[in-house]
Protein chains: 2
Amino acid sequence: MDTALDRAVRVFCERGYHATSIGDLTAAMRLATGSVYKAFRDKHAVFLAAFERYAALRQEQTRSAAAQGANGRERLRNMLLSYVEHSQGNEGRRGCLVVGSAVELSAVDPVVAALVSARLETNEGFIAGLIREGQADGSIPRHVAADDTARLMICITQGLRVVGKARLSLDGKRLVAVAMKLLA
Amino acid sequence: MDTALDRAVRVFCERGYHATSIGDLTAAMRLATGSVYKAFRDKHAVFLAAFERYAALRQEQTRSAAAQGANGRERLRNMLLSYVEHSQGNEGRRGCLVVGSAVELSAVDPVVAALVSARLETNEGFIAGLIREGQADGSIPRHVAADDTARLMICITQGLRVVGKARLSLDGKRLVAVAMKLLA
DNA sequence: GACAATAGGGAATGATTGTTTCCGAATAAA
DNA sequence: TTTATTCGGAAACAATCATTCCCTATTGTC
C-alpha cells in the first residue's frame with residue numbers, strides 16, 4: 001500500500017490535484033477503482049495521504065543532506081545544494097507537491113492550506129535554527145537576522161522548484177555561492 | 001472584451017486552469033457560454049489570451065516600479081519591493097498566473113511551458129540588465145556575477161508568490177534589505 | 001476441509017465537464 | 001422600413017469525472 005501511495009505521489013506531483021483523474025490514479029497505483037475507494041474515503045483523502053508521505057520523505061532528505069556539514073554554515077550550504085539538485089532533471093520536472101499544493105489548492109482548500117503553511121513554517125524554523133547554530137559555532141556572523149534570512153531562503157527554495165519546472169537550467173555550485181552571501 | 005479578459009485573468013489566477021470550469025469563466029466574465037466560444041476557439045485559447053494579458057500587465061507594473069530609481073541598485077530594490085507587495089494581501093492570495101502555469105501546466109502543456117519559460121527568461125534578462133546598469137553607474141560592485149545573481153533573484157520573486165499564496169506574512173522592507181546583500 | 005471475512009477488481013451510475021447549436025435581440029446598411 | 005449581420009443567451013450534446021455497488025478470489029479460523 002505504501003508503494004502504491006508512492007506512485008500516487010508521483011502522479012499528483014506532475015499533474016497536480018485537479019488534472020489527476022482517478023483513472024490516472026488507479027493506473028499509476030496499479031489498483032482498481034474499487035480498491036482505491038476501499039483504502040481511502042475519496043480522492044481528496046488519497047491526496048492528503050500522498051501529501052503527508054511526500055512531506056515526510058522530503059523532510060528526511062533535506063535534514064540528512066544538512067547533517068553532513070561540520071558547522072552551521074556548511075549545513076546550510078548543503079541544504080541549499082540539495083534543494084537545487086532536487087529541483088533539476090526528472091524530479092525537478094515532476095515538481096514539488098508542497099509548491100503545487102500551495103499554488104493550486106491553498107486558495108480554495110483550507111485543509112491543504114493549513115498543511116502547506118505548517119510545512120513552510122517547519123522548514124523556515126529549521127533554516128533559522130541552522131543559522132543560529134552557525135552563529136553559535138562562529139561560522140555565521142552575529143549580525144545576520146536569522147528569521148528574516150530564513151524567510152527569504154524559504155522563498156529561494158520554493159522559487160527553485162518553480163523555476164525547475166520551467167526547465168531552466170540550474171547551476172547548483174554557482175547559485176548557492178551567490179545565495180551564501182545572505183550569510184555575510 | 002478586454003475587461004472581460006481581465007476578469008478571466010482573476011479567475012484563472014486564483015483557481016488555476018483545471019479547477020476553472022467554463023461556468024466559472026462565464027460567470028466571472030459576465031458572458032454567456034456561446035459568447036465565449038464565439039470569441040475564443042476553446043477554453044485553452046481563453047487561458048492563453050488571459051496569460052498574455054496578465055504577463056503584459058505585470059511586466060508594465062514591474063518596469064514602472066523599477067523606473068523610479070536613481071541608479072541601478074535603487075531600481076533593483078524598487079523592483080523587489082514591488083514584487084513583495086504584489087505577493088501580499090488580496091493579490092498575493094489570488095496568486096501569480098505565471099507561477100500557477102509553471103506549476104500546473106508546464107509538465108503537460110508544451111505551449112504554456114514555452115510561454116512560461118520565455119517570461120522567466122525575459123524577467124531574468126531585465127534583472128541582469130539592472131545589475132549591469134548598477135555596475136556602470138557605480139552603485140553595484142563589479143565583482144557581482146550578474147547572470148547568476150539574476151537567476152537567483154528570479155527564484156526569489158517566484159518563491160515570493162508561492163509563499164504569498166500560503167498566507168505567510170511578508171515584511172517588504174526587511175526581506176528586501178536581506179536580499180540586497182546579494183549585491184554586495 | 002468448510003466457512004466467514006475481507007481485500008481486490010470491474011462494471012454501472014449520476015453528476016459535471018467542455019463544447020456545439022440554435023434562437024432572439026440589437027445594430028448597421030440600404 | 002427593411003434587410004443583413006453581429007452579438008449574447010440558453011438549452012442540448014457527448015464525453016469524462018468521482019463515486020458506488022456487486023462480484024470474485026484469497027486468506028485466516030474453527
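The chains referred to below are lettered A, B, ... by the order of the sequence lines, with proteins before strands, and numbering in each begins at 1.
For A:Gln88 (side chain) and A:Leu170 (main-chain N/O), a donor-acceptor pair under 3.5 Å exists by modelled atom type. No donor-acceptor distance shorter than 3.5 angstrom exists from the side chain of A:Lys165 to the backbone of B:Ala113, with no hydrogens or angles considered.
Side-chain proximity of B:Ala32 to the nucleotides D:dG9, D:dA18, C:dT19 is greatest for D:dG9.
In this model, a side-chain donor or acceptor of A:Thr33 finds a partner on the base of C:dA11 within 3.5 Å.
Among the atoms of the strands shown, none is found under 4.0 Å from any heavy atom of A:Thr26. Residue B:Lys43 is in sugar-phosphate contact alone, with no base atom involved, counting any heavy-atom pair closer than 4.0 Å across all strands shown.
One finds no salt bridge joining A:Arg93 and A:Glu14 here, because no Lys/Arg side-chain nitrogen approaches an Asp/Glu carboxylate oxygen to under 4.0 Å. We find that A:Asp147 and A:Arg132 are joined by a salt bridge, their nearest charged nitrogen and carboxylate oxygen being less than 4.0 Å apart.
The distance from atom CZ of B:Phe40 to atom C1' of D:dG8 is 15 Å, rounded to the nearest whole Å. For the pair A:His44 NE2 and D:dA18 P, the interatomic distance rounds to 13 Å; values are reported in whole Å. The interatomic distance linking B:Arg30 (CZ) with D:dG9 (P) rounds to 12 Å, in whole Å.
Between A:Ser35 and C:dG9 there is a side-chain polar atom (N or O) within less than 4.0 angstrom of OP1 or OP2. At least one side-chain nitrogen or oxygen of A:Tyr37 sits closer than 4.0 Å to the OP1 or OP2 atom of D:dT19.
DNA chain C is contacted by both B:Ser21 and A:Lys38; A:Lys38 maps to the nucleotide lying nearer its 5′ end (nearest heavy atom per residue).
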